[in-house]
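The block underneath contains the structure these notes are about, expressed in structure tokens.
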There are 2 protein chains.
Amino acid sequence: MKTTLRKIVTEAREVFREHGYDGASMQDLASRVGLKKASLYTRFPNKESLVPEVLALTLEETVQGLPDPNDDWQLTWQTLIGRIEKTLEERQRCVGLHLAYGVTSATPEARAAVCQFFTALREKMAQILRLGGIPDPDAVAADTLAQLEGATVWITTSGDVTPLHRAAESACRIAD
Amino acid sequence: MKTTLRKIVTEAREVFREHGYDGASMQDLASRVGLKKASLYTRFPNKESLVPEVLALTLEETVQGLPDPNDDWQLTWQTLIGRIEKTLEERQRCVGLHLAYGVTSATPEARAAVCQFFTALREKMAQILRLGGIPDPDAVAADTLAQLEGATVWITTSGDVTPLHRAAESACRIAD
DNA sequence: CCTACCGATCGGTAGG
DNA sequence: CCTACCGATCGGTAGG
């Protein structure tokens, strides 16, 4: 991927994370990247098309280079949980959640991308739990992700990260 | 409260819930209420001032008329959890969460109102748990709310309400 | 509670 | 990759 393309997607992620879909401005994005707004449209046909790119990058960064769960599924699980925890703590909001709340039927491709993102993440989590013989891995994965996502409400409102840390700790205890 | 005022606040809640703070349009709100946009400004000085009203109404509806926890704290707890569950299932999103993600330092009064809303709800929950002798009631209340809020990510992305139902069931089990 | 308007900004395009 | 522009819509106000 060309560095400029990657930079656009990385900055678009920050804009979506902070302002949501509707609130994200292409002018703001252009300024951050150091381009004029019109130049963004030589790379991407429209604002909506940024959403799949942002979420694909995020998913890739979250799961790439994880230890092989066939060797040590506990380590894989704890590494994955730790990555999600770290990102949410550093960035305060989850870009996926902000987009999930912000995309509607007016932006069907963005909507589909958000659905895919969470489904893929849950499936990756469930796959690890399955190797560990954890019962009902899909439900456990969904609930674990919900607990982590929900904890961000305390970070955004009061800066309190302890609910997130408890959520991550409790998740790691699944693999004991 | 005058019926028109109440109607504006109720509809504003739907607009904020669906579109978030930035995405909410005063024109859209006016149309839903059956007024011209300018007429909204005879009731409210600006868009930001709607946020405290919306959240105060929501908090009131959530906690008003709960059974007295001094009589039967388990019943009070389960009733409260049931109300939150029902609202999130019917409306699909939590207006408080969407606002929490959407308000920034540019809208300090709205920000403060969101913080107060979640703090008050958590405190109400913790108070009930305290009467039941549940250890660490503040943390349990915060985590319970996080789990319920986080479950909405599955409702918005795939329509799946089972994580929300599991969250509510698990919360009710605290009072057994 | 309305009509009519303000300047600013939105996503997106024409044309080079 | 830019300048310059499009129509639409934004939050908010003047004035009655």
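Throughout, protein chains are lettered first and strands after them, A, B, ... in sequence-line order, and every chain is numbered starting at 1. The structure presented is a predicted model; accordingly, all values stated were derived computationally and were not measured.
With respect to A/Glu123 and A/Arg130, a salt bridge is recorded, a charged nitrogen being found less than 4.0 Å from a carboxylate O. The pair B/Glu14-B/Arg17 meets the salt-bridge criterion, since a charged nitrogen lies less than 4.0 angstrom from a carboxylate oxygen. Between A/Arg13 and A/Glu61 there is a salt bridge, with a side-chain nitrogen of the basic residue lying less than 4.0 Å from a carboxylate oxygen of the acidic one.
Atom NZ of A/Lys7 and atom P of D/dC1 are 13 Å apart (whole Å). If you take CE of A/Met26 and P of C/dG11, they are 7 Å apart, rounded to a whole angstrom. We find that CZ of A/Arg43 is positioned 17 Å from P of C/dG12, with the value rounded to whole Å. For B/Gln27 and D/dT13, the CD to C1' distance is 15 Å, given to the nearest whole Å. Separating the CG atom of B/Leu29 from the P atom of D/dG12 is a distance of 12 Å, rounded to the nearest angstrom. Summarising the geometry, the separation between CG on A/Asp28 and P on D/dC10 is reported as 19 Å, rounded to the nearest angstrom. Straight-line distance from the CG atom of B/Asp22 to the C1' atom of C/dT9: 12 Å, rounded to whole Å. Between the NZ atom of B/Lys47 and the P atom of D/dT13 there is a distance of 14 Å, given to the nearest Å.
When heavy atoms are screened at a 4.0 angstrom cut-off, A/Ser25 is found touching the sugar-phosphate backbone but no base atom. Counting non-hydrogen atoms under 4.0 angstrom, A/Ala24 reaches the backbone sugars and phosphates but no base.
A 3.5 Å limit on both hydrogen-bonding distances identifies C/dC1 as the Watson-Crick or G-U partner of D/dG16. For D/dC10, the paired nucleotide is C/dG7, the pair qualifying as Watson-Crick or G-U wobble because both relevant distances are below 3.5 Å.
Donor-acceptor pairing under 3.5 Å, judged by distance alone, is present between the side chain of B/Lys37 and the base of D/dG11.
Look at B/Ser39 and you'll find a side-chain N or O under 4.0 angstrom from OP1 or OP2 of C/dC2.
In this structure, the side chain of A/Thr76 engages the main chain of A/Asp72 through a donor-acceptor pair within 3.5 Å.
Nearest-nucleotide mapping onto DNA chain D: of A/Lys36 and B/Glu48, the residue sitting toward the 5' end is A/Lys36.
Of the candidates C/dG11, C/dC2, D/dC2, the closest approach to any side-chain atom of A/Tyr41 belongs to C/dG11.
Exactly one residue among B/Val54, B/Leu55, B/Leu29 makes a side chain to side chain contact (heavy atoms under 4.5 Å, CB included) with B/Phe16. That residue is B/Val54.
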